[in-house]
There are 2 protein chains.
Amino acid sequence: MDAAVCFSGGKDSTLAALLLEPFYDVTLVCATAGLADSAVHAREAAEAVDLPFERVGLEERIVREAAERVVADGFPRNGIQAIHEHALEEVAALGYDTVADGTRRDDRVPTIPRAFAQSLEDRHGIDYLSPLTGFGRGAVDRLVETHLDVESGPSETVPKADYETEIRAVIAEEYGQATVEECFPEHVQTRVRGRQ
Amino acid sequence: MDAAVCFSGGKDSTLAALLLEPFYDVTLVCATAGLADSAVHAREAAEAVDLPFERVGLEERIVREAAERVVADGFPRNGIQAIHEHALEEVAALGYDTVADGTRRDDRVPTIPRAFAQSLEDRHGIDYLSPLTGFGRGAVDRLVETHLDVESGPSETVPKADYETEIRAVIAEEYGQATVEECFPEHVQTRVRGRQ
């Protein structure tokens with residue numbers, strides 16, 4: 001069986017791929033509208049862990065609507081959730097048997113309710129997996145430490161391929177950098193540099 | 001890191017162990033009050049998949065109270081949930097770094113809410129994992145078919161080590177076999193005979 005893992009180059013989506021690797025032919029798939037250098041950074045991270053990589057296009061409209069939502073809300077949660085749901089639909093349409101992501105038990109966003117998961121499975125004839133849903137923060141941190149070489153730093157300095165990167169780029173272009181700072185709380189991002 | 005996987009000899013707990021095996025030193029742990037031959041059947045299944053096995057005792061009172069609850073309810077859900085929560089506490093006290101079970105995304109029972117998981121982790125200083133929470137029924141079935149050799153049949157004919165077996169034994173003894181039939185809907189049980 002093959003599996004497409006929605007991939008940002010960060011530790012969660014990479015760890016999800018590693019958990020599936022003994023059981024599935026894994027391809028790392030980066031969904032991006034091309035509004036930042038996401039695909040480049042994701043491809044580098046995929047090469048660093050020696051797994052096949054594919055890029056799938058997201059409509060630019062999806063990211064721009066999510067950016068508007070983030071500015072209106074003043075926080076990123078709903079905008080990121082909306083992009084992730086669109087990304088899952090695009091990846092599910094690629095023809096893989098299985099679609100997976102790096103959603104964790106203790107994540108606040110994105111979260112995939114069971115009803116959404118089952119609907120995605122039924123409509124696309126796939127299995128949807130979220131291998132980290134059964135792992136808490138501590139277990140994820142310990143597995144990452146043991147199995148991955150990870151670079152971490154503030155969001156704006158770690159080149160990554162997550163939805164936040166594209167939303168930040170759109171907001172910076174349309175509203176200025178100050179609005180980016182207002183909407184995104186400062187937090188540490190990670191980028192995978194290889195396996196341990 | 002070592003991990004104790006709550007083990008019934010059935011396909012779900014075995015598959016959970018297989019998913020963790022590349023990352024943890026896995027021991028299969030059967031929690032039983034000794035009211036049926038559970039430990040014997042669980043040990044056989046553990047040997048069949050070539051993983052270490054340990055038995056941990058459950059207080060007989062726990063199973064008897066669960067049996068009373070099942071008879072009062074007329075269905076097994078709450079009784080099984082109560083035993084599983086007690087079993088997790090016992091296994092968490094054994095000293096392993098990690099405690100896991102075979103709870104699945106589409107299970108109605110047992111279900112471990114995130115708050116219970118975090119409380120278990122904090123009180124015992126462990127990680128709690130439910131690797132199948134991120135897998136739907138279809139994905140579990142496909143993985144089992146590919147990786148395990150499984151015997152299946154009606155609950156009363158497949159020798160197994162799950163909580164249902166002990167509850168059925170108590171109810172049969174105290175209320176008679178007719179009450180067992182009334183409380184437990186007929187469903188197919190599985191027992192693992194080996195790996196594929």
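Sequence lines set the chain letters: A, B, ... in the order given, protein chains first and strands last, and positions in each chain run from 1.
With a 4.5 angstrom heavy-atom cutoff, A/Thr98 does not touch chain B via any of its atoms. Only the side chain of A/Leu20 comes within contact range of chain B, with at least one heavy atom under 4.5 Å from a heavy atom of that chain. When heavy atoms are compared at a cutoff of 4.5 Å, B/Thr146 approaches chain A solely by way of its side chain, counted from C-beta outward.
Contact count against chain A (heavy-atom pairs under 4.5 Å) is highest for B/Leu143 among B/Leu132, B/Leu143, B/Thr133.
Smallest separation of non-hydrogen atoms from B/Val170 and B/Ala67: CG1-CB, 3.5 Å. Closest approach of B/Ala42 and B/Phe7 over heavy atoms only: O-CE2, 3.2 Å.
A salt bridge does not link A/Glu47 to A/Arg43: none of the charged side-chain nitrogens sits closer than 4.0 Å to a carboxylate oxygen. Salt bridge present: B/Arg195 and B/Glu21 bring a charged side-chain N and a carboxylate O closer than 4.0 Å. A salt bridge links B/Asp73 and B/Arg69; the closest N-O separation between the charged side-chain nitrogens and carboxylate oxygens is under 4.0 Å. Ion pairing between a basic and an acidic side chain is recognised when a charged N comes within 4.0 Å of a carboxylate O; B/Glu174 and B/Arg64 show such pairing.
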Expected list for residues 22-40 of chain A: side-chain donor-acceptor pairs under 3.5 angstrom, two or more places apart:
from: A/Thr32; atom 1: OG1; to: A/Gly34; atom 2: N; distance (Å): 2.9
from: A/Thr32; atom 1: OG1; to: A/Glu166; atom 2: OE2; distance (Å): 2.8

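To the nearest 0.5 Å, atom NE2 of residue B/His147 and atom CZ of residue B/Arg142 are 12.5 Å apart.
Of all residues in residues 105-122 of chain B, those placing a non-hydrogen atom less than 4.5 angstrom from a non-hydrogen atom of chain A are B/Arg105, B/Asp106, B/Asp107, B/Arg114, B/Ala117, B/Gln118, B/Glu121.
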